Engineer: 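Let me begin by handing over the structure; questions about it come next.
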Amino acid sequence: MSEPSPDAPSLYEQMGGRPAFAQLVDTFYRGVAEDDVLRPMYPEEDLEPAKERLLLFLEQYWGGPSTYSEQRGHPRLRMRHMPFHVNADARDRWLAHMRDGVDDLDLPPLLEATLWDYLQRAAFAMVNTFEPTPGAPTKES
């Protein structure tokens, strides 16, 4: 297998760079803002700091600037999400809002599939409980 050309654009650039990732994050957080399971996981009244953190993380992961690590250190995603109740319902809601964001990007099929594959794997990896969401209606209710 040959090495990619040093002049080849990164996945970050191929996907549209900062404007594309900012659009993805904006669409995602519009959904989160109205989501009765996910919104309580963000204690800040203003979602802008969370949006910025996710934007910086995604930019770095896909080959853009390393600002996330410079400001926050290693991502340690599982550790950072441990304080939150991330069950299958939360995962599926997260993925639904991300799906809206990915669809808004209108990426070429290979880039879309690559991004979506990563987001699905990340979402499944963040699940840290199988307990129902506190306060959510149960089947017995």
Side-chain angles (χ1 to χ4, degrees), residues 1-139 141:
M1 181 181 273
S2 63
E3 289 293 316
S5 164
D7 297 329
S10 66
L11 284 171
Y12 173 75
E13 293 165 327
Q14 291 177 52
M15 289 184 196
R18 186 174 185 90
F21 285 95
Q23 180 181 338
L24 171 68
V25 169
D26 284 344
T27 301
F28 170 75
Y29 275 104
R30 269 196 303 277
V32 167
E34 302 299 320
D35 192 295
D36 59 345
V37 169
L38 297 181
R39 183 60 182 96
M41 292 185 194
Y42 298 87
E44 300 161 311
E45 181 70 27
D46 181 7
L47 289 172
E48 289 302 315
K51 286 172 63 172
E52 182 68 11
R53 289 188 299 269
L54 180 58
L55 174 59
L56 293 176
F57 170 78
L58 291 172
E59 284 185 309
Q60 179 173 306
Y61 182 86
W62 291 100
S66 59
T67 310
Y68 182 92
S69 287
E70 292 164 9
Q71 291 181 359
R72 298 182 52 84
H74 189 282
R76 295 184 178 108
L77 293 180
R78 289 239 347 132
M79 182 195 76
R80 292 184 196 271
H81 288 82
M82 268 313 179
F84 305 103
H85 189 93
V86 183
N87 61 11
D89 181 37
R91 175 203 63 212
D92 293 347
R93 289 166 179 261
W94 190 92
L95 282 169
H97 301 306
M98 272 298 177
R99 183 75 249 176
D100 291 340
V102 170
D103 289 345
D104 280 355
L105 294 178
D106 198 29
L107 293 170
L110 182 57
L111 292 176
E112 182 275 329
T114 302
L115 177 59
W116 186 242
D117 177 67
Y118 167 75
L119 293 170
Q120 287 183 302
R121 286 184 292 113
F124 274 78
M126 293 306 109
V127 172
N128 58 26
T129 184
F130 294 100
E131 295 294 320
T133 303
T138 63
K139 290 181 182 176
S141 300

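The shown structure was predicted, so the numbers you read here are calculated from the model rather than taken from an experiment.
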Engineer: Minimum heavy-atom separation for A22 to L55, with atom names?
Structural biologist: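 Minimum heavy-atom separation between A22 and L55: N-CD1, 3.5 Å.
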
Engineer: With rounding to the nearest 0.5 angstrom, report the CZ to CD distance, F21 to Q60.
Structural biologist: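 So the gap between those two atoms works out to 12.0 Å.
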
Engineer: Enumerate donor-acceptor pairs with a distance under 3.5 Å from any side-chain N or O in residues 104-112 to protein atoms, sequence neighbours excluded.
Structural biologist:
residue, atom, partner, partner atom, Å
D104, OD2, T27, OG1, 2.9
E112, OE2, R99, NH1, 3.0
E112, OE2, R99, NH2, 2.6

Engineer: To the nearest 0.5 angstrom, please state how far the CE atom of M15 sits from the CG atom of L115.
Structural biologist: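 Reported to 0.5 Å precision, the distance equals 5.0 Å.
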
Engineer: Could you tell me which residues satisfy side chain to side chain donor-acceptor pair (under 3.5 Å) with Q14, sequence neighbours excluded, listed by chain and number?
Structural biologist: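 None.
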
Engineer: Using 0.5 Å steps for rounding, measure from the CG atom of L119 to the CG atom of L58.
Structural biologist: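 It is 7.0 Å, given to the nearest 0.5 Å.
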
Engineer: State whether D36 and R93 are salt-bridged, where the test is any N-O pair (Lys NZ or Arg NE/NH1/NH2 against Asp/Glu carboxylate O) under 4.0 Å.
Structural biologist: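 R93 and D36: salt-bridged.
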
Engineer: Using the salt bridge (charged side-chain N to carboxylate O under 4.0 Å, His left out) criterion, which residues pair with R30? Sequence neighbours excluded.
Structural biologist: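 With neighbours one apart ignored, the set is empty.
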
Engineer: Please examine the side chains of L95 and W116, heavy atoms only from C-beta on, and report whether any two atoms are closer than 4.5 Å.
Structural biologist: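 Yes, side chains in contact.
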
Engineer: Using side-chain heavy atoms (C-beta onward) and a distance below 4.5 Å, is V25 in contact with F57?
Structural biologist: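 No - every pair of side-chain heavy atoms lies 4.5 Å or more apart.
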
Engineer: Does the Y12 side chain pair with the main chain of R18, one donor and one acceptor, at a distance under 3.5 Å?
Structural biologist: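 Side chain of Y12 to backbone of R18, a donor-acceptor pair under 3.5 Å: yes, one is there.
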
Engineer: Can a donor-acceptor pair be found, under 3.5 Å and without considering hydrogens, that links the side chain of E13 to the backbone of S10?
Structural biologist: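 Yes; judged by distance alone, with no hydrogens or angles, the pair exists.
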
Engineer: I'd like to check the salt bridge (charged side-chain N to carboxylate O under 4.0 Å, His left out) partners of E44; sequence neighbours left out, ordered by chain and number.
Structural biologist: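 By the salt bridge (charged side-chain N to carboxylate O under 4.0 Å, His left out) rule, E44 matches R53.
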
Engineer: So how far is it from Y118 OH to L11 CG, rounded to the nearest 0.5 Å?
Structural biologist: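 Going from OH on Y118 over to CG on L11, the span is 13.0 Å.
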
Engineer: For L54 versus F28, what's the shortest heavy-atom pair and its separation?
Structural biologist: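 Residues L54 and F28, closest heavy atoms: CD2-CD2, 3.8 Å.
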
Engineer: Sequence neighbours excluded, which residues qualify as side chain to side chain donor-acceptor pair (under 3.5 Å) partners of R91?
Structural biologist: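 None.
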
Engineer: Which value, rounded to the nearest 0.5 Å, describes the distance between H97 atom NE2 and L38 atom CG?
Structural biologist: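 Taking NE2 in H97 and CG in L38, the distance rounds to 5.0 Å.
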
Engineer: Could you give the distance from CE (M126) to CG (N87), rounded to the nearest 0.5 Å?
Structural biologist: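 Between M126 CE and N87 CG, I get 14.5 Å after rounding to 0.5 Å.
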
Engineer: E45: what forms a side-chain contact (heavy atoms from CB on, under 4.5 Å) with it, not counting sequence neighbours?
Structural biologist: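 side-chain contact (heavy atoms from CB on, under 4.5 Å) check on E45 returns nothing, list empty.
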
